[in-house]
Number of protein chains: 2
Amino acid sequence: MIGLEATVELRTFRYFVAVADAGSVNAAAQALHLTQPSLARQLHRLERRLGLPLLELRGGRTVLTEVGHQFLPYARALLATADATQVAARLLAANLRAEEQLTPEDETAA
Amino acid sequence: MIGLEATVELRTFRYFVAVADAGSVNAAAQALHLTQPSLARQLHRLERRLGLPLLELRGGRTVLTEVGHQFLPYARALLATADATQVAARLLAANLRAEEQLTPEDETAA
DNA sequence: CGAAGTTACGTCCTACGTAACGATT
DNA sequence: AATCGTTACGTAGGACGTAACTTCG
């Protein structure tokens, strides 16, 4: 254990899924408000991190490989969970503010 | 939509869970191979991002708040999913290498 | 007085944008 | 010739470490 898997972040997974949805790196970059070079670099880094060939050039266009398609649902599931986590945080925050409205100066209530 | 929720990354959630597990910022920092200042800063940033008071000082020690305890399972679930994603990637990579062993020069097989 | 946390400062690494090149249709 | 992708370069933001201060037990 040398420490080679340095934790892939959510951002990188979002990039990969964006390419899958958009159908090309160019379109995905526009959707993400990024430039092609930045996006392509992150994708390559993701492939190196995971040790998986996720994308390949087919007819001048970048499309998902076999393993890319296989991995896609896992990436989607992770992003969905991340989204749910953010939603949960927002609900807790709203809940907290509502309680503060009821007991402005008394945190020991109930 | 001004763009205030700039995507909280997995790393930050790991820090929060580490504090919950270790029982203090100091212990968590040691477990994460980090220093207290770095860890504390990330925790504060997380609270600001989420708009949630996750931690508080009680008796000279930093412990989880009420909402902190409520949010904890969501953070754990997210990290578990992230872990599963990594595992899936590793399995796909192993699978791919096994196939390559069987068909070294022929990717069109089957 | 000791321990834990916070704040302030400086440094390093990562991510991004711009520009130029190559490949494909 | 046009489009997509890649490579090279430079810059900006985020994360971390070190040091000094404050607070609680």
Side-chain angles (χ1 to χ4, degrees), chain A residues 2-65 68 75 78-79 82 86 107, chain B residues 2-65 68 75 79 82 86:
Chain A
I2 314 162
L4 46 129
E5 45 188 304
T7 68
V8 178
E9 291 296 342
L10 291 173
R11 181 196 318 258
T12 313
F13 287 115
R14 285 191 203 282
Y15 291 171
F16 169 64
V17 172
V19 172
D21 287 339
S24 74
V25 175
N26 193 353
Q30 288 184 347
L32 292 168
H33 302 290
L34 284 177
T35 58
Q36 292 87 345
S38 291
L39 181 53
R41 181 183 305 219
Q42 298 307 319
L43 294 172
H44 289 157
R45 196 165 294 197
L46 175 63
E47 286 182 323
R48 282 198 56 190
R49 285 275 181 80
L50 266 47
L52 284 176
L54 264 37
L55 303 168
E56 67 182 349
L57 275 81
R58 285 179 67 96
R61 235 178 173 76
T62 299
V63 296
L64 272 66
T65 62
L78 175 59
L79 296 182
Q86 298 269 9
E107 296 88 2
Chain B
I2 313 161
L4 44 130
E5 43 189 304
T7 69
V8 178
E9 291 296 341
L10 291 173
R11 179 197 319 256
T12 313
F13 288 115
R14 285 192 204 282
Y15 291 172
F16 170 63
V17 173
V19 172
D21 288 339
S24 74
V25 175
N26 193 355
Q30 288 183 348
L32 292 168
H33 303 290
L34 284 177
T35 58
Q36 293 87 344
S38 291
L39 181 54
R41 180 182 308 216
Q42 298 306 321
L43 294 172
H44 289 157
R45 196 165 295 197
L46 176 63
E47 288 183 322
R48 280 197 58 190
R49 284 276 180 81
L50 267 47
L52 285 177
L54 264 37
L55 304 168
E56 66 181 349
L57 276 82
R58 284 180 66 97
R61 236 178 173 77
T62 299
V63 297
L64 272 67
T65 61
L79 296 182
Q86 298 268 11

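Values reported hereafter were calculated over all heavy atoms of this structure, with side chains retained and with hydrogens, waters and symmetry mates removed.
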Could you check how far [atom1] of [X] sits from [atom2] of [N], rounded to whole Å?
{"X": "B:E9", "N": "D:dG14", "atom1": "CD", "atom2": "P", "value": "12 Å"}
{"X": "B:Q36", "N": "D:dT22", "atom1": "CD", "atom2": "P", "value": "19 Å"}
{"X": "B:Q30", "N": "C:dG5", "atom1": "CD", "atom2": "C1'", "value": "14 Å"}
{"X": "B:N26", "N": "D:dG25", "atom1": "CG", "atom2": "P", "value": "17 Å"}
{"X": "B:E56", "N": "C:dG5", "atom1": "CD", "atom2": "P", "value": "13 Å"}

### Summary
Heavy-atom nearest nucleotide on DNA chain C taken for A:R58 and for B:S24; more 5' hit belongs to B:S24
#### Entry: Residues B:V8, A:Q86; criterion side chain to side chain contact (heavy atoms under 4.5 Å, CB included); working and verdict
CA-CA 8 Å; B:V8 178; A:Q86 298 269 9; 3.9 Å; yes
What are the two closest non-hydrogen atoms of [X] and [Y], and how far apart are they?
{"X": "A:S24", "Y": "A:R61", "result": "CB-NE, 4.1 Å"}
{"X": "B:A75", "Y": "B:F13", "result": "CB-CD2, 4.3 Å"}
{"X": "A:E47", "Y": "A:L54", "result": "OE2-N, 2.8 Å"}
{"X": "B:T7", "Y": "B:R49", "result": "O-NH1, 3.7 Å"}

Which nucleotide, [options], lies nearest any side-chain atom of [X]?
{"X": "A:R61", "options": "D:dC4, C:dT18, C:dT6", "value": "D:dC4"}
{"X": "B:L57", "options": "D:dA19, C:dG5, D:dC4", "value": "C:dG5"}
{"X": "A:A40", "options": "C:dT6, D:dT6, C:dG5", "value": "D:dT6"}

Please list, for nucleotides 9-16 of chain C, all pairs of protein and nucleotide N/O atoms separated by less than 3.5 Å.
from	atom 1	to	atom 2	distance (Å)
C:dC9	N4	B:R41	NH2	2.9
C:dA15	OP2	A:R45	NH1	2.5
C:dC16	OP1	A:Y15	OH	2.5
C:dC16	OP2	A:Q42	NE2	3.4

### Spatial distance of atom CZ (A:R14) from atom CG (A:L78) [nearest 0.5 Å]
8.5 Å
### Task
Would you give the length of the straight line joining atom CD of B:Q36 to atom CG of B:N26, rounded to the nearest 0.5 angstrom?
4.5 Å
### Task
Report yes if at least one side-chain N or O of B:H44 is closer than 4.0 Å to OP1 or OP2 of C:dG5; otherwise report no.
no
### side chain to side chain contact (heavy atoms under 4.5 Å, CB included) assessment of A:V19 paired with A:L39
CA-CA 9 Å; A:V19 172; A:L39 181 53; 4.2 Å; yes
#### Entry: Relative orientation of the end axes in the helix from C:dC1-D:dG25 to C:dT25-D:dA1, expressed as an angle to the nearest 10° (five pairs per end)
30°
### Message
Taking the side chain as everything from C-beta on, heavy atoms only, tell me whether B:L64 gets closer than 4.5 Å to B:L55.
### Response
yes
